[in-house]
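These notes are about the structure you will find just below.
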Amino acid sequence: MMGVRQRIGRDLKRWAVVLLVLGLAWRTVRLAVNFSLSSDEASVAVHLLDRDFAGLTEPLGYAQVAPVGFLWTELAAARFLGLAEAALRLPAWLQSLAALGLFWSLAWRVLDRRRALLAVGIFGSSYYVVRHGAEVKPYAGDVLLALGIIWLAWRILENERALGPKVGLTLLAAAGVWISYPAVFVAAGAGAVLSWRALRARSRRAFLFVVLYGLVLTASFLVVYLWINRYQARDVPWWMADYWRAAFPPLKQPLRLLWWLVDIHAGVMLAYPVGAAHFGSALTLVCVVTGAVGMAGTRRDLLLLLLSPLPFAFVAAAFHRYPYGDAIRTSLYMAPSFCLLAGAGLVTLLTAVLPRRRAARGVRVAAGVLAVVAAAGIALDVARPYKEIGDHENRQLLRLVCARCEPGDEWAVVTGAAEARFRFYLARFSPVPVRWEARPADLSGPGPARIRLIAYTYRDRMLPKGLLDACRAALTVRQGPWRHEGFPLEDGIIHVYEFGPSPSRGAQRTGDIR
């Protein structure tokens with residue numbers, strides 16, 4: 001019997017290493033294949049073109065909000081490493097790797113070997129955790145900070161006399177609210193659980209720590225909120241409220257609220273390792289509930305800690321301050337908790353359904369399925385290194401257009417500056433300054449050897465014929481007749497009107513944008 005247990009233990013360790021390596025590999029491949037910036041990423045990245053650290057404390061454009069600590073980190077990366085996609089995604093990638101390592105450590109500390117194995121497999125092979133771990137967005141930081149806070153809070157629950165975890169938790173929570181919006185939910189939840197423990201134990205020392213922790217957290221949150229966050233929120237376009245409508249609970253309709261709660265938690269909020277809206281993650285929800293029920297009897301403190309952010313997030317959603325669950329990216333701070341509970345619940349279900357002798361094999365089969373999910377994710381990212389074909393086309397086309405530029409040229413954009421990918425890539429690849437939102441009066445007077453007038457129309461944005469005709473007329477007086485090229489994209493077209501001498505042969509466009 002002892003030999004069988006040892007063999008099973010060795011098998012579990014091997015599977016754990018395989019799943020960890022695949023998780024690390026997928027995250028690294030995702031960075032290495034160099035995805036084109038999506039529209040959402042570019043909407044953040046454009047602010048790095050012309051703002052300094054002080055400027056990033058001001059409200060953002062392009063309907064964006066982002067924690068100032070995240071923005072400062074991105075600007076530092078851009079200043080030191082440049083505007084390449086890999087450089088801007090490097091902070092998120094490092095956070096993603098750190099989160100996987102920390103999750104591994106936490107899972108093996110709080111769960112038994114089989115449950116820890118599947119929890120690590122779910123976390124390592126979760127598409128959205130991997131995807132947002134290589135993006136110019138703050139969500140990888142949400143995951144890492146949530147893990148750090150949970151880890152330190154659990155260390156305090158294990159040993160209330162340990163000073164190091166208390167200092168670490170206080171500092172991490174105070175700094176975290178500058179880097180991650182939902183970090184305040186996780187930090188507040190940890191504080192609530194520690195308060196409950198202190199009151200139950202009637203520990204004066206523990207209670208004094210919780211009071212100090214709460215004061216420091218509240219002070220830090222109020223500073224960043226009153227200085228920066230509230231102004232960002234006020235500057236968000238009105239239509240964003242309609243965009244997030246499904247993420248706010250319908251409190252005035254009790255029956256609809258009950259259905260909303262079920263639908264949200266069975267949807268993309270629990271898409272680990274994969275899932276979809278409208279009960280597309282029902283299996284994960286069953287595993288999470290099963291894991292929570294099993295933990296309630298033996299590890300109540302841990303269960304409360306894992307689920308403690310949810311009440312605070314729900315209250316924020318009720319006041320329309322933060323979305324609850326409608327998009328997984330805004331709920332990734334719950335990824336560590338849900339993956340731990342899902343791994344624990346899946347083992348419980350396998351043990352209940354399978355005969356005793358086959359339960360261990362069922363765990364290995366589940367680990368194998370998770371390994372296949374991660375391997376398939378790697379293969380898909382290599383085969384299709386872009387979120388949408390329009391992202392890829394924008395980058396390729398603008399790189400080719402900019403390669404034609406010669407010293408002394410001047411570029412002017414009539415329309416298109418509001419499209420974030422176009423603005424970011426044109427500014428990044430252009431070797432000469434770009435004049436944005438050009439008007440006819442800007443184009444009068446002596447000119448350079450050659451000037452290009454660019455108009456980008458996309459989706460339902462029509463070409464501004466009147467403004468374009470006026471600009472072309474002004475340049476015709478200066479430079480003579482113009483030449484036109486149109487570059488079609490999946491979601492738009494770029495018009496380039498060239499005035500002046502033809503470019504030298506070495507600067508001619510070659511190749512195809514696809």
Taking CZ in Arg230 as the centre, count heavy atoms belonging to other residues, nucleotides or ligands within less than 6.0 Å. Is the count above 12?
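Atom CZ in Arg230 is packed in, count exceeds 12.
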Counting only heavy atoms not in Arg321, do more than 12 fall under 6.0 Å of its CZ?
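It does not: Arg321 CZ has 12 such atoms or fewer within range.
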[X] and [Y]: which non-hydrogen atoms are nearest, and at how many Å?
X      : Y      : result
Ser39  : Glu419 : OG-OE2, 4.1 Å
Leu37  : Glu41  : CA-OE1, 3.8 Å
Pro249 : Leu257 : CB-CD1, 3.8 Å
Ala187 : Leu217 : CB-CD2, 3.7 Å
Ala119 : Phe103 : O-CE2, 3.3 Å
Leu71  : Leu48  : O-CD2, 4.3 Å

Side chains of [X] and [Y], heavy atoms from C-beta outward: is any pair under 4.5 Å?
X      : Y      : result
Trp411 : Leu426 : yes
Thr284 : Phe338 : no
Ile494 : Leu398 : yes
Met334 : Pro309 : yes
Val46  : Arg421 : no
Tyr272 : Val288 : no
Tyr322 : Phe185 : yes
Leu169 : Ile149 : yes

Under a 4.0 Å threshold between the charged nitrogen and the carboxylate oxygen, would [Y] count as salt-bridged to [X]?
X      : Y      : answer
Arg428 : Glu85  : yes
Arg483 : Glu485 : no
Arg404 : Glu498 : yes

Tell me if the centroids of the rings in Trp259 and Phe279 come within less than 6.0 Å of each other.
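Ring centroids of Trp259 and Phe279 are less than 6.0 Å from each other.
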Between His265 and Tyr324 (judged by ring centroids, cut-off 6.0 Å), do the two rings come close enough to count as a pair?
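They qualify: ring centres under 6.0 Å apart.
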Can you see whether [X] engages [Y] through a side-chain donor-acceptor pair at a distance of less than 3.5 angstrom?
X      : Y      : answer
Asp391 : Ser38  : no
Gln232 : Tyr181 : yes
Trp178 : Ser220 : yes

Member of Leu172, Val186, Ile150 meeting the side chain to side chain contact (heavy atoms under 4.5 Å, CB included) criterion with Leu145:
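The side chain to side chain contact (heavy atoms under 4.5 Å, CB included) with Leu145 is passed solely by Leu172 among Leu172, Val186, Ile150.
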Can you classify the ring geometry of [X] versus [Y] as parallel (below 30°), tilted (30 to 60°) or perpendicular (above 60°)?
X      : Y      : answer
His484 : Tyr497 : tilted
Phe429 : Tyr425 : parallel
Tyr127 : Trp26  : tilted
Phe422 : Trp436 : perpendicular

